[in-house]
Amino acid sequence: MDSTQLTTLTGVIDKKMNRQLKQYMDICARCAICKDACHQYVGTGDFKYLPARRAELIRQIYKKYFTKTGEFVPALYEARDPDDNLLDELYDSTYACTGCRRCMYYCPFSIDTAWILSVAKAILIAAGRGNEMLGQLADAALFKGDNVEMFKDVIVSGFKDIEVEVQEITGNPNAQVPVDKQGADILYVALAGAHSIRPAAVIFEEAGANWTISMFEAANYGFFDGDIEKARLITKRFIDEAKRLGVKEIVVPECGHAYRVLELFYEAWSKEKMPFKVSHILEKVDEYIKDGSITVEKGLLTGTVTYHDPCQIGRNGGIFEQPRDIVQSLTDNFVDLTPNREQQWCCGGGGGIVAMEEFTETRLDRGTQHTPRSGYRCTSGHRPRGRSDAAQGQEAHARIDEPRDREPQRGTLRGAPFASSPDSDAQAAAYRTRLGSTARGRASNHKRISQ
Amino acid sequence: MSDETKVDLELDLKGLLCPLPMVKVSQNIGKVEVGGVIRAVATDPGAMADIPAWAKSTGNEVLQAEKVGGEFVFLVKRVK
Ligand code: SF4
Ligand code: SF4
């Protein structure tokens with residue numbers, strides 16, 4: 001790597017490393033609690049997927065260029081140059097991460113590995129090693145945003161086909177999928193596929209909502225890629241649309257990261273206050289049931305029914321009870337999974353990993369073996385055709401009324417390649433004393449902005 | 001046009017939800033030579049915007065994007 005490239009990469013770290021991230025660089029106790037929290041590490045046993053190890057690669061570069069000890073005695077302090085080997089390793093560790101943040105939940109110091117990996121993505125992009133597929137998806141979304149007129153006819157024609165289906169389902173020949181409706185109360189920003197539009201359209205129509213559908217999709221591959229400027233511009237497409245139409249509320253679909261981008265990050269990225277409320281579709285459905293806008297019939301779902309908390313709206317978004325209330329309005333046979341809510345496993349399909357062919361094995365063949373197949377039927381709201389990656393993951397985690405099989409336990413990461421670490425138990429205890437109780441750290445997890 | 005165009009690779013993308021049809025076209029475009037053509041059949045209407053947008057932003061060319069019954073048929077030419 002030449003000096004210009006090196007300056008670019010260290011410049012990225014310098015720009016991205018705020019006080020919180022620098023603290024993460026210093027405080028990891030190598031206690032290894034996070035190893036049992038990560039579905040990929042538990043599923044594969046591959047060291048590169050251990051959360052602390054993923055972060056360690058960034059820590060090594062940081063030590064080399066931003067600490068005196070690492071600069072002068074790199075071997076002793078495990079400081080490393082961002083050479084090809086390190087960047088190759090960083091690519092695998094980083095883009096495989098689904099951003100579920102379960103490791104953070106169990107870390108005694110709430111170290112947000114997914115946030116550290118957002119620095120890794122920025123480094124990889126600056127080194128020309130970002131994920132090509134995610135980059136293409138982000139560019140295609142931006143191209144659609146810049147050339148709305150070019151795509152308007154085909155997109156509206158797709159909405160019209162769905163409108164016919166909505167009329168059949170509701171029995172209302174006047175039901176609509178309204179596009180570009182000035183003065184609508186709600187802008188619904190779906191995913192590109194009909195599966196994300198049809199059910200919501202039926203619910204909005206049945207509720208008598210004054211709604212309209214966005215010309216754009218909520219999915220944000222700029223965010224997955226780690227290119228925050230692209231992520232901001234992809235979101236801005238429908239923020240501008242919402243402003244132009246004068247809506248009071250944006251409702252996002254099942255896509256959890258889209259909710260998180262909009263509810264938690266966009267205002268910080270754009271430095272502007274959004275003049276509308278942001279809701280997830282499940283919050284909206286719950287609201288409609290509770291205020292009587294729609295009525296539901298209990299008993300149509302047979303057998304025991306459960307709910308798998310999706311990471312981005314659950315652990316990372318704080319939406320836990322509304323989906324449960326919806327299910328319980330449909331059945332008396334609701335049973336929670338174990339674990340659930342903040343502790344639920346990642347389904348394995350987040351972070352844009354479905355689009356990255358190189359991680360297919362990690363995602364499907366091995367990544368979900370950490371809990372036995374349950375035998376329970378999985379009714380997934382967002383991937384209904386049996387080709388669902390998420391659904392396979394959900395099925396693997398669906399264990400009802402059984403104790404948690406692997407409570408993350410404090411272990412040790414001593415031994416290669418953490419050979420020079422001090423005694424991890426003692427260090428963990430020391431850090432706990434310094435930071436106060438672990439509970440305090442965990443309390444700050446909820447809805448913490450991490451980009 | 002579809003009758004005259006030589007197709008080098010057929011992709012059955014039926015049942016896949018967006019953005020996977022676009023992802024599959026992207027993953028397979030390298031399997032045909034420059035100038036070669038992929039014929040892809042999808043059922044998700046989102047592909048009608050996604051695949052042409054992907055082609056434009058990557059410098060490839062959509063020769064045809066057509067709705068045939070409940071399916072969406074694409075002829076995508078690898079340009080580079
Ligand atoms: S402190 Fe322990 S749980 Fe937290 S990241 Fe480090 S090794 Fe993992
Ligand atoms: S965020 Fe999730 S996938 Fe990523 S390292 Fe942590 S537990 Fe593993």
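Just so we're on the same page: letters track the sequence lines, and every chain starts at 1.
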Output field: ring centroids A/Phe204/A/Tyr188 closer than 6.0 Å: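 Here the rings of A/Tyr188 and A/Phe204 have centres that are less than 6.0 Å from each other.
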A/Phe223 ring center within less than 6.0 Å of A/Phe265 ring center: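 Yes, close enough.
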[X]/[Y] ion pair, N-O < 4.0 Å:
X        : Y        : value
A/Asp146 : A/Arg237 : no
B/Asp8   : B/Arg39  : no
B/Asp50  : A/Lys144 : yes
A/Asp139 : A/Lys230 : yes

Option that, when pairs with chain A are counted at under 4.5 Å, heavy atom only, ranks first among B/Ser57, B/Gly46, B/Ala65, B/Ala53: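 Looking at each of B/Ser57, B/Gly46, B/Ala65, B/Ala53 in turn, B/Ala53 comes out on top.
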Contact class of A/Ile155 relative to chain B, heavy atoms under 4.5 angstrom: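 Just the side chain, heavy atoms under 4.5 Å.
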Heavy-atom proximity to chain B below 4.5 Å, by part of A/Asp161: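 The side chain, not the backbone.
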Partner set under salt bridge (Lys or Arg N to Asp or Glu O under 4.0 Å) for A/Asp225, not counting sequence neighbours: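 By the salt bridge (Lys or Arg N to Asp or Glu O under 4.0 Å) rule, A/Asp225 matches no residue at all.
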Over 12 non-hydrogen atoms of neighbours within 6.0 angstrom of NZ in A/Lys236: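 Incorrect, the count does not exceed 12.
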Top contributor to chain B contacts, counting heavy-atom pairs under 4.5 Å, from A/Ala140, A/Ala141, A/Ala219: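 That would be A/Ala140.
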Partner chain B: residue of A/Gly158, A/Ala194, A/Ser196 with the largest heavy-atom pair count (under 4.5 Å):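 With the most close heavy-atom pairs to chain B, the winner is A/Ala194.
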Residues of residues 28-36 of chain B contacting chain A, heavy-atom criterion under 4.5 Å, by residue number: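 So no residue qualifies.
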